[in-house]
Amino acid sequence: MTTRTLILKLEKVRTGYGRKPVLEDVNFSVYLHDFIGIVGPNGSGKTTLLKVILGLLPPWRGKIRYFRGGNEVDRFSMGYMPQLTRVDPDFPITVADIVRSGLMSRGGNQPGDSAVQRVMERMGIADLRRRPLGELSGGQRQRVFLARAIVSSPPLLLLDEPDTYVDRDFGREFYETLTELNRDMAILMVSHDLGMIASQVKSIACVNGSLYHHESSEITQELMDSYRCPIDLITHGRVPHRVLKSHQNENP
Amino acid sequence: MIELFQYRYFVHGVLAAVLVSVSCGFIGTYIVSRRIVFITGGISHAAFGGVGIAYFFGLNPLAGAAFFAVISAVVLESMGQRIQVREDSLIGMLWSFGMAVGVLFVFLTPGYAANLMTFLFGDILTVSGFDLGLMAGLAVLVCMVFMWRFHRILYLAFDPEFARTRNVPVSGIQSLMMVLTALTVVVNIRVVGIVLVLALMTVPPATANLLVKDFRSMIPLAVLFSLTATLGGLAASHMLNVPSGATIVFTSLLVFLFVRVIVVLFRRKQRRP
């Protein structure tokens with residue numbers, strides 16, 4: 001095995017909202033080219049984990065350390081694709097503007113029309129550049145927000161349930177794109193699609209108040225029991241072949 | 001109609017219409033896009049508190065209105081989440097607090113507050129040279145801020161959380177925009193009054209939004225529709241001899257309805273084989 005380059009390290013992180021802690025004692029390392037699926041029940045702190053990594057939420061205790069080229073840095077550019085339901089779909093903004101907003105930075109906007117054009121072509125949305133957000137389909141919207149997340153070529157991409165409201169056919173294409181992107185950047189992805197998690201990601205982190213990182217994408221009953229993680233799924237290799245129980249909060 | 005331009009008050013009215021349309025077109029597009037129309041309602045009514053206090057102490061009412069408007073805008077922008085009061089409740093409180101303060105101080109002021117009605121319902125024909133100077137200053141300021149930071153204003157309005165992940169300071173621009181909104185409200189009070197200011201800041205951008213779904217293109221159209229409303233309302237007010245604040249609001253709504261009908265008819269025609 002080649003030596004892996006550490007890019008992100010959470011040490012004993014505790015955080016939450018108001019006075020209520022959501023995550024406690026989280027230790028977590030992310031390496032270059034990692035593709036980690038984040039699973040856990042609703043309200044377990046999956047989105048909170050992304051937010052504390054992104055700097056949207058300060059850690060109450062513990063430390064978040066960022067590394068670039070082996071050296072510790074203050075922070076690096078991160079690509080973030082939020083849950084699509086969080087964005088106002090009727091906001092008067094065009095596809096090109098949304099993608100370009102992924103380049104904004106503290107000192108003003110980098111001149112990056114060529115980067116915007118390149119990423120829109122890569123995502124197959126170049127024809128939509130003048131279209132307003134409100135006229136896009138679910139799949140198109142997903143590609144636009146992924147484009148915004150990666151236009152700055154970040155070393156780390158964070159996706160919060162990117163697969164909600166997207167049909168299965170397009171979903172497959174989307175995951176292939178992610179696998180391709182994974183050659184250039186580490187990916188952390190919150191998802192409910194367990195089949196996809198098992199077949200696409202390289203490892204799984206289970207969040208349930210704290211975090212348990214399992215260094216392979218194989219989920220076993222024993223593992224989940226020992227980690228008190230209420231997701232019951234057994235997979236071997238690339239395709240899940242046995243699903244024991246559905247999510248607690250979903251219909252069977 | 002031409003001979004009207006010999007009258008200074010009419011020339012002032014036309015100039016006010018143009019200047020107010022510029023600031024309304026820009027700021028109105030911003031508040032309509034961000035869905036914070038009711039924050040603006042809260043700010044305009046809170047401003048009445050400042051009018052009342054200024055009356056009582058014999059100060060310039062517009063300065064009092066500006067002070068109250070800016071304070072309430074900053075309170076709404078920054079406090080909402082911190083003190084854990086739901087935003088619409090906070091708007092309601094500021095709204096009624098301002099009105100209550102205004103009513104109280106106007107009552108306490110000896111004598112009859114003759115032009116109080118002007119502040120509640122506006123009068124574009126009583127705009128003074130000083131008022132015009134304020135309007136021009138605001139119009140220039142708003143244009144400059146938009147030219148200086150257009151993309152940032154747009155991106156922060158669309159998705160402030162994403163902007164924070166890009167390490168962009170959000171609260172600076174957001175507060176600046178709220179202050180500009182408050183000042184636009186106050187300047188508009190001269191033209192259509194506290195009660196009707198909401199119309200001039202929302203109907204023209206909403207009309208523009210019927211035709212285009214892009215922030216950038218909405219602004220010039222909103223300026224145009226605002227100009228139509230203010231000039232049309234001014235003319236109607238003169239011809240019918242009724243208060244201009246009301247005719248301006250009616251004109252803006254008529255334009256909205258007209259554009260809406262055109263858009264519906266056009267779509268229906270397109271759908272036909």
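To find a chain, count down the sequence lines: A is the first, B the second, and so on, and within it residues start at 1. Atoms considered below: every heavy atom in the structure, side chains included; atoms not considered: hydrogens, waters and symmetry mates.
- Between B/T165 and A/R75, the closest heavy-atom pair is O-NH2, 3.3 Å.
- Residue contact with chain B, scored on non-hydrogen atoms closer than 4.5 Å, involves the side chain of A/L133 exclusively.
- Between B/R34 and A/D88 there is no salt bridge, since none of the side-chain N atoms of the basic residue sits less than 4.0 Å from a carboxylate O of the acidic one.
- Heavy atoms closer than 4.5 Å to chain B are found nowhere in A/F76, neither backbone nor side chain.
- The shortest distance between side-chain heavy atoms of A/M104 and B/H151 does not fall below 4.5 Å.
- Within a 6.0 Å radius of CZ in A/R61, no more than 12 heavy atoms belonging to other residues, nucleotides or ligands are found.
- Using a 4.5 Å cut-off on side-chain heavy atoms (C-beta onward), B/V212 and A/P132 make no contact.
- Contacts between B/N209 and chain A at a heavy-atom distance below 4.5 Å involve the side chain alone, from C-beta outward.
- The residues B/R216 and A/D97 are annotated as salt-bridged, a charged nitrogen and a carboxylate oxygen being separated by less than 4.0 angstrom.
- Taking the charged nitrogens against the carboxylate oxygens, A/R130 and B/D214 have no contact shorter than 4.0 Å, which rules out a salt bridge.
- Within a 6.0 Å sphere centred on CZ of B/F250, heavy atoms belonging to other residues, nucleotides or ligands number 12 at most.
- Between B/F215 and A/I93 there is no side-chain heavy-atom pair separated by less than 4.5 Å.
- Of the residues considered (B/R35, B/E161, B/R164), B/E161 shows the highest number of contacts with chain A, using heavy-atom pairs under 4.5 Å.
- When only modelled atom types and interatomic distance are considered, A/S77 and B/R166 share a side-chain donor-acceptor pair under 3.5 Å.
- Distance check, rounded to the nearest 0.5 Å: OG of A/S105 to CZ of B/R152 gives 7.0 Å.
- When the shell of 6.0 Å around OH of A/Y17 is examined, it contains more than 12 heavy atoms from other residues, nucleotides or ligands.
- A salt bridge is absent between B/K213 and A/E135; no separation between the charged side-chain nitrogens and carboxylate oxygens falls under 4.0 Å.
- Side-chain contact check for B/F162 versus A/V87: every heavy-atom pair is 4.5 Å or farther apart.
- Both the backbone and the side chain of A/R148 have a heavy atom closer than 4.5 Å to some heavy atom of chain B.
- For B/L154, the parts lying near chain A are the backbone and the side chain together; criterion is any non-hydrogen pair under 4.5 Å.
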